[in-house]
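For reference, positions follow the sequence shown, starting with 1. Remember, predicted model here, so these are calculated numbers, not experimental data.
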Amino acid sequence: MSDQQRTAGPYGSSHGTSYGPPFGNTYESNTSYNNPTSRQTVKFITAATIGISLLLLSGLIFTGTVISLIIATPLLVIFSPVLVPAAFVLFLVASGFLFSGGCGVVAVAVLSWIYKYLAANQPAGSDTLDYAKGYLADKARDVKERAKDYGNYAQGKIHEVTQGAY
């Protein structure tokens, strides 16, 4: 490629290859790529200042955390026979409150759904419930008929056995 000559400007070639901005070869695009404006410089300096400040702040926080852990470790070792059971109890209490709260929310949601269903507002899933209700009623009827048929069959067999015994 080094032996090919370029006849177009600095961003294009005579072979259709473009190296520059996607929207043509204008003076504004040339200057924005070659010479950063003062606005871009201010953006860069602001971003660099904020980034360095946050990096320093995270380093200070990390250092403080390590120092406090070094200071607190002997206290944690001394008080661990009390702290471990206390943490376990706090975990159980917190999980119990969360579980009971979740059950309460579910109960309110279910009662709301039942109220809407009984008020004939057709809440979400009521068509599925109606289908399941009909399906269960059909199966219950089938089971009842089979039990009745089996009972009649068993009664007939018992009658045959008792008739044959005399």
How many angstroms lie between CD1 in I158 and OH in Y153, if you round to the nearest 0.5 Å? 11.0 Å
Partners meeting side chain to side chain donor-acceptor pair (under 3.5 Å) with R141 (sequence neighbours left out): D138
Nearest 0.5 Å, please: how far is SG in C103 from CG in L98? 11.0 Å
Test item: Q40 and F44 side chains (from C-beta on) under 4.5 Å apart, heavy atoms: no
Nearest-0.5 Å distance, CG of residue N152 to NE2 of residue H159: 13.0 Å
If you measure from CG on L57 to CD1 on I50, what distance do you get to the nearest 0.5 Å? 13.0 Å
The criterion is side chain to side chain donor-acceptor pair (under 3.5 Å); which residues satisfy it with K133, sequence neighbours excluded? Y117
Test: side-chain hydrogen bond (donor to acceptor under 3.5 Å, both in side chains). Region: residues 58-86. Which pairs qualify, not counting sequence neighbours? none
Mind checking salt bridge (charged side-chain N to carboxylate O under 4.0 Å, His left out) for D149 and listing every partner two or more places apart, or none if nothing turns up? none
Please confirm whether the backbone N or O of V108 pairs with a side-chain atom of S112, one donor and one acceptor, at under 3.5 Å? no
Shared ILVMFWY cluster between I70 and F62, side chains joined below 4.5 angstrom? yes
Drop me the distance from T46's OG1 to K43's NZ, to the nearest 0.5 angstrom. 10.0 Å
Return the set of residues passing side-chain contact (heavy atoms from CB on, under 4.5 Å) with K144 (not counting sequence neighbours), or none when no residue passes. none
Using the rule that two of Ile, Leu, Val, Met, Phe, Trp, Tyr join whenever any of their side-chain heavy atoms come within less than 4.5 Å, decide whether L54 and L60 are in one cluster. no
Starting from F97 and following side-chain heavy-atom contacts under 4.5 Å between hydrophobic residues (I, L, V, M, F, W, Y), which residues can be reached? V89, V93
What about W113 and L118, same hydrophobic cluster or not, with Ile/Leu/Val/Met/Phe/Trp/Tyr joined at side-chain heavy-atom distances under 4.5 Å? yes
Roughly how far, to the nearest 0.5 Å, is CG of L76 from CD1 of I71? 12.0 Å
Single-linkage hydrophobic cluster L75~L83, side-chain heavy atoms < 4.5 angstrom: yes
